[in-house]
Amino acid sequence: MPELPEVEVTRRKIAPLLVGRTIAEVRTTRNSYFFLTPPGRLRRRLEGRRVEALERAGKYLLARLDSGERLLLHLGMTGQLFGTGVASVRLLSAGRGGSLSPEAQVPSFRPDVHTHLCLGFADGGPEVLFRDVRKFGKVQLLGPDERSPRLARLGVDALGVNGKALFAAARERATAIKTLLLDQSVLAGVGNIYADEALFAAGLRPTRPARRVDLIECRRLAVALRRVLRRSIATGGSSISDYIQPDGEDGGYQDERRVYQRTGEPCRRCGARIVRTLIGQRSTHYCPRCQR
DNA sequence: AGACTAACCTGAAAGC
DNA sequence: TGCTTTCAGGTTAGTC
């Protein structure tokens, strides 16, 4: 599922297909709650606009347009951005194995029923496709001065977290430390995978009440978060359920997981069996010996 | 206000 | 074999 590293990898790979190009045609599926801005309005406002930059805020992507408007994209759980025809050779090299579902092993570089937004460009080159099987993703066009509550709510970008600020937020909370990490108004970009992995790296049990995590531990956690996120970006993100890179490549970070979805397997550090529990309806994985 | 829960959605996997 | 149930989870909105 796309979290900060997957969104950042997507941003880097899709930016060359967007920035500097002029949108000539917008095709969408029928209106649904996927569209925070209705398809008709998207079409009218986007056609003729040039994309000036593609930025990331937490798990959101923001395409800045020459009109001053911004196109907000969220990949949700199963969202994918692709360019048509890009790296299509990779499609032929099937059978690499891995943890991807068959569905995800054949990325759609052509629109299918799950492709909700297609952007065609004036230069006639590759189109940009936004595909999302579960439709938890979002598309919204923001006016030049429109303030987005979704963006306004975001806390510090997780790549820039520091221990002191984390400690300040943690000491006020009665909830589990993991819940704090997943709170986008505190840390923007962390999801279930990297919350579990960072807590393992910091040696902290996810169920610990946040207010009982001291400053030293918060510093350790901040370092762990930054390191885990950076490493994942460097390896192309985690291809665990549906995520693959815009060019069809698997990410590499799923092979570096220490705890996430390793229930019952031996801890790579101490050999104890990884435990699974639930925190706030979310599956949570940790090593009962390494994490206190 | 913080904490908790339901709802949105679809496909894979497990259960029977 | 085939049908049914469970599970996955980011975010918002609603309740207490």
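Note on naming: letters A, B, ... go to the chains in the order of the sequence lines (proteins, then strands), and numbering restarts at 1 for each one.
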- request: Check the pair R231(A) / E256(A) against salt bridge (charged side-chain N to carboxylate O under 4.0 Å, His left out), numbers first and verdict last.
  value: CA-CA 9 Å; R231(A) 174 65 188 158; E256(A) 306 201 11; 2.4 Å; yes

All N/O pairs under 3.5 Å across the protein-nucleotides 1-3 of chain B interface:
unit_1: dA3(B); atom_1: OP1; unit_2: A174(A); atom_2: N; d: 2.8
unit_1: dA3(B); atom_1: OP1; unit_2: T175(A); atom_2: N; d: 3.4

Report each atom pair, protein N/O against N/O of nucleotides 4-8 of chain C, whose distance is under 3.5 angstrom.
unit_1: dA8(C); atom_1: OP1; unit_2: R276(A); atom_2: NH2; d: 2.5
unit_1: dA8(C); atom_1: OP2; unit_2: R276(A); atom_2: NH2; d: 3.3
unit_1: dA8(C); atom_1: N3; unit_2: R134(A); atom_2: NH1; d: 2.7

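Distances shorter than 4.0 Å separate none of the side-chain N or O atoms of R150(A) from OP1 or OP2 on dT11(C). OP1 or OP2 of dG10(C) sits under 4.0 Å from a side-chain N or O of R282(A). Residue H114(A) has a polar side-chain atom (N or O) positioned under 4.0 Å from OP1 or OP2 of dG11(B).
Shown here are the side-chain hydrogen bond (donor to acceptor under 3.5 Å, both in side chains) partners of R70(A), two or more places apart in sequence or in another chain: there are none. Taking Y286(A) as the reference, nothing meets the ring pair (Phe, Tyr, Trp, His ring centres under 6.0 Å) condition, with sequence neighbours excluded. P5(A) is linked by a side chain to side chain contact (heavy atoms under 4.5 Å, CB included) to E3(A), Y194(A), L229(A), S232(A), I233(A), counting only residues two or more places apart in sequence or in another chain.
Across the protein-nucleic acid pair, H74(A) atom NE2 and dG9(C) atom P stand 15 Å apart, rounded to whole Å.
Bending across the helix from dG2(B)-dC16(C) to dC16(B)-dG2(C), expressed as the angle between its end axes from five pairs apiece, amounts to 60° (10° rounding).
K138(A) comes within 4.0 angstrom of no nucleic acid atom, judged by non-hydrogen atoms across all strands.
By the stacking rule of 5.5 Å between ring centres and under 30° between planes, Y33(A) does not stack on the base of dC8(B).
Between E25(A) and R27(A) there is a salt bridge, since at least one side-chain N of the basic residue sits less than 4.0 Å from a carboxylate O of the acidic one.
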